[in-house]
Amino acid sequence: MSDLHSHHLENHPKPPPHPGLGLVRATEAAALVAGRWMGLGDPSAGDLEAQDAMAEALNLLPMQGRVVSGEESRLGSHSPLDSGSQVGTGTGPELDVEVNAIDGAKLVAEGKTGAMSVAAFAPPGAMWNLAPAAYMERIVVDRTVADALGSEALDAPPAWTLALVARKKNKDIRDLVVFVLDRPRHQDLVEEIRKAGARVFLQEGGDIGGALLAADPEGAVDLMIGTGGAAEGLITACAVKALGGGMLGRLAPQGNVEREACVSAGIDLSRIYTCKDMILGDQVYFAATGITDNAILHGVRYHGDTVETQSLVLRYETGTRRLINTEHRIK
């Protein structure tokens, strides 16, 4: 295990009662704010306001939380949810916290489907510290394929991985759907997937949501492949672990500055991690609230004096998945 991923999971107080409910209050708070920015064309302003709302909700929880991997390197601006930020009331158990106030800020700004607010808790030291990495390549599959997903899949041609998934799912390759972020860096990958005969689900953002679809055996996606944000990769690992799925991840610097920073920090850029390597222990909680409609959750819906949200709460220890529909009265 990497020296950068320190683990002291024993002898720590357990998370506060009903931590999943506390998490979902934070994702709901961010989603309620983000929903007001839907279609207004300003991803940065909506994202920053949603982060402020999420931080305010987290600070009401009885915990000593620490944000493990914030998004300041990607966003180019700071918020109360930067890496290392303290959240919670300052009393109660210590917790690793990972958040993404808007997964798919551009989708929200353009009024497109697929955006959600997400957050996760784990014991202190359980989450892999990714700093100063900004990008990670990954593969995500559901639990029917997880045991067969070896580290070689990350370097294998896409056709090889597709054949593996098709065999484990008892499907033809042409019946597989692969989630890929719509980025120029993925052009060759998309061509190879299509050449192999599988179908591609291209989306401009929202890769955590794409990973949830891939990790759900009943989801509309069979696997996710490609390079996305490292912070998104860490919270994705929480969700995939909680769902019993499989994930391979490796840091993938997109430039010399990022690469040199990772090497200087002692990070082994060749190492391939699973979700269980990146997130240790059993006390892992994940929550997501829809902002715009997607294949998992419906988005925020405004009804005059009430607002409706739909959220997903996962807990690894108990293997539970809860869908929560909430009505918020506007005061």
Side-chain angles (χ1 to χ4, degrees), residues 22-61 63 65-89 96-121 127 130-136 181 183 203-209 228-236 238 254 258 286-294 297 299-302 307 309 311 328 330:
L23 261 186
V24 81
R25 285 172 176 164
T27 58
E28 285 175 349
L32 288 169
V33 167
R36 294 292 190 188
W37 288 91
M38 194 273 285
L40 297 184
D42 192 341
S44 297
D47 205 348
L48 290 172
E49 193 169 310
Q51 289 185 52
D52 287 341
M54 176 173 276
E56 184 176 347
L58 289 171
N59 286 335
L60 296 175
L61 301 181
M63 65 176 183
R66 180 184 66 90
V67 178
V68 176
S69 181
E71 293 189 277
E72 62 273 13
S73 61
R74 181 179 66 82
L75 295 174
S77 58
H78 294 280
S79 82
L81 299 177
D82 284 354
S83 301
S85 296
Q86 302 297 312
V87 292
T89 60
D96 278 357
V97 179
E98 192 62 14
V99 297
N100 193 324
I102 304 181
D103 177 43
K106 187 177 179 181
L107 299 178
V108 173
E110 296 179 354
K112 295 181 178 178
T113 61
M116 58 178 62
S117 174
V118 297
F121 285 160
M127 293 186 181
L130 302 171
Y135 288 90
M136 176 193 295
L181 277 179
R183 298 286 189 274
Q203 188 167 280
E204 293 181 25
D207 54 337
I208 299 172
E232 288 87 344
L234 186 60
I235 200 167
T236 290
C238 294
Q254 298 298 292
E258 184 186 351
F286 172 90
T289 300
I291 300 173
T292 60
D293 288 348
N294 56 70
L297 301 165
V300 180
R301 296 178 179 173
Y302 299 92
V307 185
T309 59
S311 303
H328 310 261
I330 300 176

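The figures here come from the full heavy-atom set of this structure, side chains too, leaving out hydrogens, waters and symmetry mates.
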*Over 12 non-hydrogen atoms of neighbours within 6.0 angstrom of CD in E110*: yes
Could you grab the distance from atom [atom1] of [X] to atom [atom2] of [Y], nearest 0.5 Å is fine?
{"X": "K112", "Y": "K106", "atom1": "NZ", "atom2": "NZ", "value": "6.5 Å"}
{"X": "D207", "Y": "R183", "atom1": "CG", "atom2": "CZ", "value": "7.5 Å"}
{"X": "E98", "Y": "I208", "atom1": "CD", "atom2": "CD1", "value": "8.5 Å"}
{"X": "D52", "Y": "E49", "atom1": "CG", "atom2": "CD", "value": "7.5 Å"}
{"X": "S117", "Y": "Q51", "atom1": "OG", "atom2": "CD", "value": "10.0 Å"}
{"X": "I102", "Y": "M116", "atom1": "CD1", "atom2": "CE", "value": "12.5 Å"}

*Of N100, V67, V97, which meets side-chain contact (heavy atoms from CB on, under 4.5 Å) against L81?*
V67
*Using the side-chain contact (heavy atoms from CB on, under 4.5 Å) rule, pick out the option among D96, L130, D82 that qualifies with S69.*
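Result: among D96, L130, D82, L130 is the only option passing the side-chain contact (heavy atoms from CB on, under 4.5 Å) with S69.
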_Audit row: V33, M54, side chain to side chain contact (heavy atoms under 4.5 Å, CB included) steps and yes/no_ = CA-CA 9 Å; V33 167; M54 176 173 276; over 6 Å; no
Taking C-beta and beyond as the side chain, do [X] and [Y] meet within less than 4.5 Å on heavy atoms?
{"X": "H328", "Y": "I330", "answer": "no"}
{"X": "F286", "Y": "L23", "answer": "no"}
{"X": "E232", "Y": "V118", "answer": "no"}
{"X": "M38", "Y": "I291", "answer": "no"}
{"X": "L58", "Y": "M63", "answer": "yes"}

*Return yes if some donor-acceptor pair links the side-chain N/O of N59 with the main-chain N/O of G88 below 3.5 Å, else return no.*
yes
*For the side chain of N294 and the backbone of T113, is there at least one donor-acceptor N/O pair under 3.5 Å apart?*
no
Any idea which heavy atoms bring [X] and [Y] closest together, and the distance?
{"X": "A45", "Y": "W37", "value": "CB-CH2, 3.6 Å"}
{"X": "S85", "Y": "S79", "value": "OG-O, 4.4 Å"}
{"X": "P132", "Y": "E258", "value": "O-CG, 4.4 Å"}
{"X": "G70", "Y": "S83", "value": "N-OG, 2.7 Å"}
{"X": "V99", "Y": "A119", "value": "CG1-CB, 3.9 Å"}
{"X": "A115", "Y": "V108", "value": "CB-CG2, 3.4 Å"}

*Give the C-alpha distance, both sets of side-chain angles, the deciding distance and a yes or no for side chain to side chain contact (heavy atoms under 4.5 Å, CB included) between L297 and T289.*
CA-CA 7 Å; L297 301 165; T289 300; 5.6 Å; no
